[in-house]
Amino acid sequence: MEIDKNQLLRFTTAGSVDDGKSTLIGRLLYDSKAIFEDQLEAVENTSRKKGHEGVDLALFTDGLRDEREQGITIDVAYRYFTTPKRKFIIADTPGHIQYTRNMVTGASTANAALILIDARHGVIEQTKRHAFIASLLQIPHVIVCINKMDLVDYSEEVYEKIIHQFEEFSSKLYVKDIQFLPISALDGDNVVNRSTNMDWYQGAPLLYTLETMHISSDINKIDARFPVQTVLRPQRDGFIDYRGYAGRVASGIFRPGDDVVLLPSGFSSKIKSIDTMDGSLEEVFAPMSVAITLEDDIDISRGDMIVKENNQPTAVQEFDAMLCWFNNAPARPRAKYTIVHTSNEQKAMIKEVVYKIDINTYAREEEDKELKMNDIARISIRTTRPLMVDEYRDNRITGSFVLIDDATHETVAAGMIV
């Protein structure tokens, strides 16, 4: 299978505290030669100050001073690296229970989730929680890295037992593709290079798995959705009558000549051209940013959506969603918030908390209706004007939204439409 060398793969890491997430990413960067000399020098100096014999690989991702001093991950740390086969963005998310919202943020755009398990401890509550969030966010690929195999004598029996534990509860989750990998992040076994200590494992190491993972089909290419971000009227020579609708393709494929419908107005037109800074294109798809011109002069503004005639999203003013509450202050009953859905902003109100989910046991809590920080709940929401939505499981872009507190301008929640 041919891999596009410019293709970007986003992956998130999740695991309990001290499972070795930061060490794994450090090993990945270090062994794939993706670290600048000055970074390496700074980490070597810090490692020496801490009394380590070698390089403390975890320091490559723990960017905040507090994280380095305490040896924990607090915020989502993004790291970029490139190999000859692919570009990567890593979101290293915290393992602590009070940082559930950070994991939701870091994982929301990921193609893959790396869930780390300490081979000595096996599946624990936090493993279940991270798997649940990966399932909730519909991350297409999950790689379960069973780490610290060196501390269990590289035992195949331990590895198989943990796979069985994980599969027992993951069968209840909605995850399309789960792979398992026995690794030692500290020693580099099966991270970039194959392990000589686990010849019983016949699979590829982690980097090769990430480089060859098929992600093209993760993007919805069926439902054509183009949320308009702004209207381009250059008013200069050669562009006097130009009216382009700029934005990013959320899903589907658009071509000049396509019959389209403009929502919410319902007017029909035809795509005249699809333009970029480098010229016109004959075909565009997610997540390309372009300007679309139409055959007809129609009043379109930010928040409107261009779709195909025979495939349209649902216009709704009231809907249910799974919501993760981010804010320190709990949700206020029937309070007004600003909902941001693609490029559309409206006023919205949480009508009802249907139930909360205990993300350790997956049980529904129908009595406790107060939404506090890191809570995940099914809620009913009402907006002042219709939104053009799809279910999140069909379309991660048009199926998601955030809520903003009008008084503080803080993002207080993220939601997935069900």
Do [X] and [Y] touch side chain to side chain, with heavy atoms closer than 4.5 Å?
{"X": "V144", "Y": "V142", "result": "yes"}
{"X": "L207", "Y": "T209", "result": "no"}
{"X": "I404", "Y": "I339", "result": "no"}
{"X": "V307", "Y": "V260", "result": "no"}

With a 6.0 Å cut-off (strictly less than), is the heavy-atom count around [atom1] of [X], excluding the residue itself, greater than 12?
{"X": "R248", "atom1": "CZ", "answer": "no"}
{"X": "E282", "atom1": "CD", "answer": "no"}
{"X": "K336", "atom1": "NZ", "answer": "no"}
{"X": "D299", "atom1": "CG", "answer": "no"}
{"X": "K148", "atom1": "NZ", "answer": "yes"}
{"X": "D241", "atom1": "CG", "answer": "no"}
{"X": "Y208", "atom1": "OH", "answer": "no"}
{"X": "F267", "atom1": "CZ", "answer": "no"}

Task: All side chain to side chain donor-acceptor pair (under 3.5 Å) counterparts of D297, not counting sequence neighbours - done: none
Task: Y362: partners by side chain to side chain donor-acceptor pair (under 3.5 Å), with sequence neighbours left out - done: none
Task: Test log, rule side-chain contact (heavy atoms from CB on, under 4.5 Å), inputs K33 and T83 - done: CA-CA 9 Å; K33 312 281 190 292; T83 70; over 6 Å; no
Task: Sole candidate of N311, T398, N220 that passes side chain to side chain donor-acceptor pair (under 3.5 Å) when paired with R225 - done: N311
Any idea which heavy atoms bring [X] and [Y] closest together, and the distance?
{"X": "G15", "Y": "K21", "result": "N-CD, 3.2 Å"}
{"X": "G122", "Y": "T127", "result": "O-OG1, 4.4 Å"}
{"X": "A185", "Y": "V191", "result": "CA-CG2, 4.1 Å"}
{"X": "V231", "Y": "I300", "result": "CG2-O, 3.3 Å"}
{"X": "K308", "Y": "A224", "result": "CG-CB, 3.4 Å"}
{"X": "P205", "Y": "V192", "result": "CG-O, 3.7 Å"}

Task: Audit row: S216, Q7, side chain to side chain donor-acceptor pair (under 3.5 Å) steps and yes/no - done: CA-CA 9 Å; S216 299; Q7 199 177 47; 3.0 Å; yes
Would you say the side chains of [X] and [Y] form a donor-acceptor pair under 3.5 Å?
{"X": "S280", "Y": "D275", "result": "yes"}
{"X": "T342", "Y": "Q229", "result": "no"}
{"X": "T338", "Y": "D406", "result": "yes"}
{"X": "D368", "Y": "Y355", "result": "no"}

Any sub-3.5 Å donor-acceptor pair from [X]'s side-chain atoms to [Y]'s backbone N or O?
{"X": "R302", "Y": "E345", "result": "no"}
{"X": "K176", "Y": "P140", "result": "no"}
{"X": "T12", "Y": "A91", "result": "yes"}
{"X": "T383", "Y": "P386", "result": "no"}
{"X": "N190", "Y": "P182", "result": "yes"}
{"X": "S170", "Y": "L173", "result": "no"}
{"X": "R10", "Y": "A112", "result": "no"}
{"X": "N395", "Y": "I397", "result": "yes"}
{"X": "E309", "Y": "D259", "result": "no"}
{"X": "Y245", "Y": "T293", "result": "no"}

TODO: Go through the steps to decide whether E318 and K351 satisfy the test salt bridge (charged side-chain N to carboxylate O under 4.0 Å, His left out), and finish with yes or no.
DONE: CA-CA 9 Å; E318 206 167 295; K351 274 189 67 186; 3.0 Å; yes
In Å and rounded to the nearest 0.5 Å, what is the [atom1] to [atom2] distance from [X] to [Y]?
{"X": "M305", "Y": "N344", "atom1": "CE", "atom2": "CG", "result": "7.5 Å"}
{"X": "C324", "Y": "I376", "atom1": "SG", "atom2": "CD1", "result": "4.5 Å"}
{"X": "E295", "Y": "S273", "atom1": "CD", "atom2": "OG", "result": "9.0 Å"}
{"X": "E352", "Y": "D320", "atom1": "CD", "atom2": "CG", "result": "8.0 Å"}
{"X": "S108", "Y": "M416", "atom1": "OG", "atom2": "CE", "result": "9.0 Å"}
{"X": "T384", "Y": "K347", "atom1": "OG1", "atom2": "NZ", "result": "7.5 Å"}

Task: Among V316, L403, L323, I417, the one residue meeting side chain to side chain contact (heavy atoms under 4.5 Å, CB included) with I381 - done: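 With I381 as partner, V316, L403, L323, I417 yield a single side chain to side chain contact (heavy atoms under 4.5 Å, CB included), made by L403.
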- [ ] Please name all residues satisfying ring pair (Phe, Tyr, Trp, His ring centres under 6.0 Å) with F180, sequence neighbours left out, ordered by chain then number.
- [x]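 For F180 the ring pair (Phe, Tyr, Trp, His ring centres under 6.0 Å) partners, ignoring immediate neighbours, are F166.
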- [ ] Could you give me the CA-CA distance, side-chain angles and deciding distance for R86 and E211, then say whether salt bridge (charged side-chain N to carboxylate O under 4.0 Å, His left out) is met?
- [x] CA-CA 6 Å; R86 195 171 251 169; E211 283 180 330; over 6 Å; no
Task: Ion pair R101/D375, N-O distance below 4.0 Å - done: no
Task: Derivation of the side-chain contact (heavy atoms from CB on, under 4.5 Å) call for F326 and V412 - done: CA-CA 5 Å; F326 289 173; V412 292; 5.6 Å; no
Task: Verdict with supporting geometry, R396 and D390, salt bridge (charged side-chain N to carboxylate O under 4.0 Å, His left out) - done: CA-CA 9 Å; R396 286 170 82 187; D390 295 290; over 6 Å; no
Open item on the list: I'd like to know whether D258 forms a salt bridge (charged side-chain N to carboxylate O under 4.0 Å, His left out) with K270, so could you lay out the CA-CA distance, the side-chain angles of the two residues, the decisive distance to 0.1 Å, and finally the verdict.
Closed with: CA-CA 6 Å; D258 282 351; K270 231 183 195 43; over 6 Å; no
- [ ] Please step through side-chain contact (heavy atoms from CB on, under 4.5 Å) for the pair V284 and R255, ending with a clear verdict.
- [x] CA-CA 7 Å; V284 290; R255 299 180 183 92; over 6 Å; no
Open item on the list: Pair S171, E168 - check side-chain contact (heavy atoms from CB on, under 4.5 Å), show working.
Closed with: CA-CA 6 Å; S171 59; E168 243 179 341; over 6 Å; no
